[in-house]
Each structure stands twice: as structure tokens, then as C-alpha cells.
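Accompanying notes for the structure given below.
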2 protein chains.
Amino acid sequence: MTLSEEDYIKAIYHLGNGKEDPISTNAIAEQMETKPSSVTDMIKKLSEKNMVNYKKYRGVSLTEKGQLTALSIVRKHRLWEVFLVDKLDFAWDEVHEVAEQLEHIKSEKLIDKLDTYLGNPRVDPHGDPIPSKDGEFKKSVKKLISELPIGSKGVCVGVNDSSVAFLKFLDKNQIALGDTLKILEREDFDGSVSIKINDREMRISDQIASNLFLEILEKS
Amino acid sequence: MTLSEEDYIKAIYHLGNGKEDPISTNAIAEQMETKPSSVTDMIKKLSEKNMVNYKKYRGVSLTEKGQLTALSIVRKHRLWEVFLVDKLDFAWDEVHEVAEQLEHIKSEKLIDKLDTYLGNPRVDPHGDPIPSKDGEFKKSVKKLISELPIGSKGVCVGVNDSSVAFLKFLDKNQIALGDTLKILEREDFDGSVSIKINDREMRISDQIASNLFLEILEKS
DNA sequence: AAAATAATTTAGACAAAACTAAATATTTGT
DNA sequence: ACAAATATTTAGTTTTGTCTAAATTATTTT
């Protein structure tokens, strides 16, 4: 696999987003910031290699082989992101560009050892799941804390209300995007929720809970 | 700088080996496992970019700019080697191939953070010195333990006598290539030397000391 | 110092991955 | 259903880095 081929496979994978529908040439071109004609060329090559199913004018989808290839790239990308954030102290929103490069390094041993070194993480710093070596992985969903059952565990990935007041609140209480958070208890009376975040317990109001998105792995 | 350009710069740097003499087209071709005509093409391009001094039929040498580029690649390569050995538990002789790939990752921040994370190492697992960010580095020399003064510190990089008996001795005493070793004291009487290796002190005979090579940084 | 040998460069081609412009197929609006 | 709009593909170039074969320059031998 060349670097460019890998990028196409990954783009098709991300556009597919789990669904089976074929992806259009234009969509790929836009995602890759390239021209549709270039996409057609590459698709033909990938089709030769049995990475994609392709019928002229009908779009493409990944074959089994293509899927596995995509998952292996996603695995590498996300493991490297964990490395950059956990070990090298990058902020969660600075890692993408570098991980884009690192994901193309070819060495199975390297990835195995990296995985072990990082403690076999299941999610990356954005809360997205990391596929296992054989291409299995849990789907993740993004939900408000207020919508989640007791015991849920996930990564803070976004806010509903991005008012200054709310962001200041998060800051003051040392809640940052990328932090791991577990829901301990919910008070029926006022909807307030007690949570564990960064090994610290605290209670947040329903207002807060319904403005903070968590990315969680679906119960298998 | 493209990947290929970087590889040429590095090859020229290594062939130069510190000296100023121009490097021949054929030598580069051999090192890069490519054809002399391809080398000529690339040299022209690098010359355009002021990375090398080039006079037709007279070979090439790196310019100041080329030197710095080469040193930055070497720095990356060796830092990644330290990472692979120290953190991911690779053996010292398995890291080269992977480091060849990692050295091309483009992110100054990444290398700075990696350097810090590794504790600003001065030498790689082979005992070769790691250039600093601004391209300075200490030259290293390879000497037998018996030839070195008290207080010397270096990395075990080779043996003079590779008899089974000697290698078994090293193995039994948990001395491996790549280990860091410091010379603590030398007994005039029999030439035996006490050393510190892997935070463990031990005494070795003159016979051992004159069969084990250390790579050390030259006193600045 | 000329002839033979070796090293280097030039010229012309090729593959990969991109592009532009033109041609063709599909979808949409009425 | 058919014309207009949109999407996709084809054909022909370009760039980067490589190659082979031929030409040129340098070095070595005698």
C-alpha cells in the first residue's frame, strides 16, 4: 500500500461511516481536497487490488479487505493520538496532523508494542474507539450526560451551550475536553449528577449535565 | 524537503563522515541502492536548493544548509531509536528500519517533546551521539575499556574477541550491547577495573576490559 | 601521452499521482 | 418524459523520481 492509497482507503472509510451505501466520487474528491478525475484514477487502481467494489458511475464501497486495511490505519492513528496526549503531553486538539503522518509508519511490531506500552487503550483522546488488532471495535456514540444511565463512562467531547459562562464554569472546575468521566449517581429530585473526573468526585447540576457531551462505547 | 531529498542528504552526510572531501556520484548510488544517473538528477535539484555544492564530474559536498538539514534528520533518527529501545523495549539491533521511517515525520514540536520525554539523551542505543536542536553535537569515539581513563562513561558497542566463552561471560554477567557503563576505578596491580553497569557495580578483569568496546563522547 | 578503463552525465522513457478540458452518463425539475 | 443541471469518466499533460542506453569526461595503464 502506498501512502496515497492508504489515504483514499481511509477517506472512503470515514465517508462510509459504518453504512454500506456506496460513496460518490465527488464526496471523496472533496474530502481529499483533490479533483474528481484523480479520484476516478485511484479508484480504478484500488479496484484492481480488490480493496473497493466499483461500478462505473455508481460510486465505491470498501471490500472486506479494504475494511480491514482501513481499520488498521484507524487503529494506528488513534494509538498514536493516545501516545501524543498521554505521554508527550500534547493537547487533544493538536494531535491530528502529526497522527496523520505517524499512521503511515509500517511495522506491526511497533504498533503491538505501542499498544502494550499505552496500556491497551480502548478509546483515543477524542473518545473515538480504537479497533483491535483483528479489526474489531466497539461503536461509540455521543450523548449528553443527562441522557446517559448511571455507571456510564466516557470522554468529554463537546458542549451544547458554548456561552462564556458555561465554558468558564468548566474551566473553573477543571473539566476539559478529552477528560475521562464516569457517572456515579443521579438525584431524581433535581436531576443533578455526581461524577468522577480525573480521579476526583464532584456533583454537577442538571443544567450542566444537559450541556456536556460524552463519547461512550456502546454496551457490547 | 521531500522524503527522497532527505534520504539523499542523509546518505551524503554519512558518506562524508565528518570530512570535507566531495562525495562521488557512484558512492551515493551504491549507498542508496540506486543508479548513478538518478543520483545526478537529484544532485542537480539539491544544488538548486542550495543544499549541496556541486561541480560536474567533481562530486558533491553538503552546504551549511545541507549540514543542518542532515543533522536534524540524524537527531530525529537517533531520538526515535532511544524511544524504541527505552520505552517500547525493542532490541538495539531491531530499531534501524523503523527509525528510518520515523525520522521523516515533520513536526518540530513532536521532536522537542520527544526529546524532553526521553530525558534529553546524548547518545542513541548504539552509542552514537544525538545532535542538539541547533545542530551541535559531540563526536564519539570507540575504545576498549582498557584504554579509557577513570570516570569514562559510554555505551557497550562491540567486542574484540567474539569467542563463545567471552560472549557467555557477558551474558552470565548481564552485560549486553547497548548498555551504559561507567568506569569507576582501575587496579594498577592487575589492570582489573570496577564498573557501574545498569545501576549495578562489578569488577572485571583486564582480559575482559581489553575485549569490550565502549562508545564515548569526546570530552568537549 | 595515447589508449583503455572507469566514472559521470545526458537524452529519452516510464510509472505514480495529480491536473485540465472535453466527453459521457445520471439525476432533477417541470 | 425530456431538457437542464450535475456527476463522473476519459484523454491528454505535468511533476517527481526512477531507469536504460548512449555520450562525455576523468583516471589509470603502459
Side-chain angles (χ1 to χ4, degrees), chain A residues 1-17 19 21-62 66 69-70 73 100-101 103-106, chain B residues 1-16 19-62 66 69-70 73 100-101 103-106:
Chain A
M1 285 291 256
T2 83
L3 205 139
S4 193
E5 286 170 344
E6 288 191 353
D7 284 339
Y8 274 94
I9 293 285
K10 204 181 48 152
I12 296 167
Y13 174 82
H14 280 128
L15 290 167
N17 208 22
K19 286 157 228 141
D21 334 312
I23 313 300
S24 79
T25 302
N26 266 11
I28 299 169
E30 191 170 340
Q31 168 91 6
M32 308 259 324
E33 300 187 331
T34 184
K35 304 289 160 173
S37 55
S38 309
V39 175
T40 304
D41 287 346
M42 182 56 90
I43 279 170
K44 282 179 182 165
K45 208 171 33 143
L46 291 174
S47 181
E48 292 286 302
K49 297 192 177 189
N50 291 310
M51 302 298 279
V52 298
N53 304 116
Y54 174 53
K55 284 249 168 62
K56 269 194 195 180
Y57 298 99
R58 300 281 79 156
V60 287
S61 60
L62 292 176
T69 305
I73 301 168
E100 285 291 89
Q101 295 180 63
E103 75 191 4
H104 295 294
I105 301 292
K106 275 162 191 60
Chain B
M1 284 290 259
T2 82
L3 205 139
S4 194
E5 285 171 342
E6 288 192 352
D7 284 339
Y8 275 93
I9 292 286
K10 204 180 50 151
I12 296 168
Y13 174 81
H14 281 129
L15 289 166
K19 286 158 228 140
E20 277 296 301
D21 335 311
I23 313 300
S24 79
T25 302
N26 267 10
I28 299 170
E30 192 172 340
Q31 168 91 8
M32 307 258 324
E33 300 187 333
T34 183
K35 303 290 158 170
S37 55
S38 309
V39 175
T40 303
D41 288 346
M42 182 55 90
I43 279 169
K44 282 180 181 164
K45 202 164 47 135
L46 292 173
S47 181
E48 292 286 301
K49 297 193 176 186
N50 290 310
M51 301 299 277
V52 298
N53 304 115
Y54 174 52
K55 284 250 169 62
K56 269 193 194 178
Y57 297 99
R58 285 325 29 183
V60 287
S61 60
L62 293 175
T69 305
I73 301 168
E100 286 290 91
Q101 295 180 63
E103 74 190 3
H104 295 293
I105 302 291
K106 276 163 190 57

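The chains referred to below are lettered A, B, ... by the order of the sequence lines, with proteins before strands, and numbering in each begins at 1.
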Could you check how far CD of A:E30 sits from C1' of D:dT6, rounded to whole Å? 14 Å

Residues of residues 31-42 of chain B with any non-hydrogen atom less than 4.0 angstrom from an atom of DNA chain D: list those, numerically ordered, please. B:T34, B:K35, B:S37, B:S38, B:D41

Does a salt bridge link B:K10 with B:E100, judged by any charged N lying under 4.0 Å from a carboxylate O? yes

Please pick, from D:dA7, D:dT18, C:dT10, the nucleotide with the shortest atom-to-atom distance to any side-chain atom of B:S4. D:dT18

Derivation and outcome, side-chain contact (heavy atoms from CB on, under 4.5 Å), residues A:I9 and A:L62: CA-CA 8 Å; A:I9 293 285; A:L62 292 176; 4.1 Å; yes

Phosphate contact (C:dA6 OP1 or OP2) by B:N26 side-chain N/O below 4.0 Å: no

Once you round it to whole Å, what is the distance between P of C:dA16 and CD1 of A:I43? 17 Å

Send over the distance from B:K56 NZ to D:dT24 P, rounded to a whole Å. 11 Å

As a test of reading the structure: which of C:dT27, D:dT8, D:dA26 is closest to the side chain of B:R58, going by heavy atoms? D:dA26

In this structure, how many angstroms lie between the C1' atom of C:dA16 and the NZ atom of A:K49, rounded? 10 Å

Using a cut-off of strictly less than 4.0 Å, decide whether A:Y8 has a side-chain nitrogen or oxygen near OP1 or OP2 of C:dA18. yes

Strictly below 4.0 Å: does B:Y54 bring a side-chain N or O up to OP1 or OP2 of C:dT9? yes

From the list C:dT10, D:dA26, D:dT10, which nucleotide is the closest neighbour of the side chain of B:Y57? D:dA26

With side-chain contact (heavy atoms from CB on, under 4.5 Å) as the criterion, how do B:V39 and B:Y8 come out once you've worked through the C-alpha distance, each side chain's angles and the decisive distance to 0.1 Å? CA-CA 8 Å; B:V39 175; B:Y8 275 93; 4.1 Å; yes

Check this one for me: any side-chain N or O of B:K44 less than 4.0 Å away from OP1 or OP2 of C:dT10? yes

A:D7 atom CG is separated from C:dA16 atom P, nearest whole Å, by 17 Å

Indicate yes or no for a side-chain donor-acceptor contact from B:E5 to the backbone of B:T2 under 3.5 Å, with no hydrogens or angles considered. yes

Main chain of B:H104, side chain of B:K106: is a donor-acceptor contact present, judged purely on distance under 3.5 Å? yes

Without decimals, in angstroms, what is the distance between B:E48 CD and D:dT15 P? 15 Å

Of all residues at least two apart in sequence or in a different chain, which pass the side-chain contact (heavy atoms from CB on, under 4.5 Å) check with A:E30? none

Contacts of type salt bridge (charged side-chain N to carboxylate O under 4.0 Å, His left out), residue B:K35, not counting sequence neighbours: none

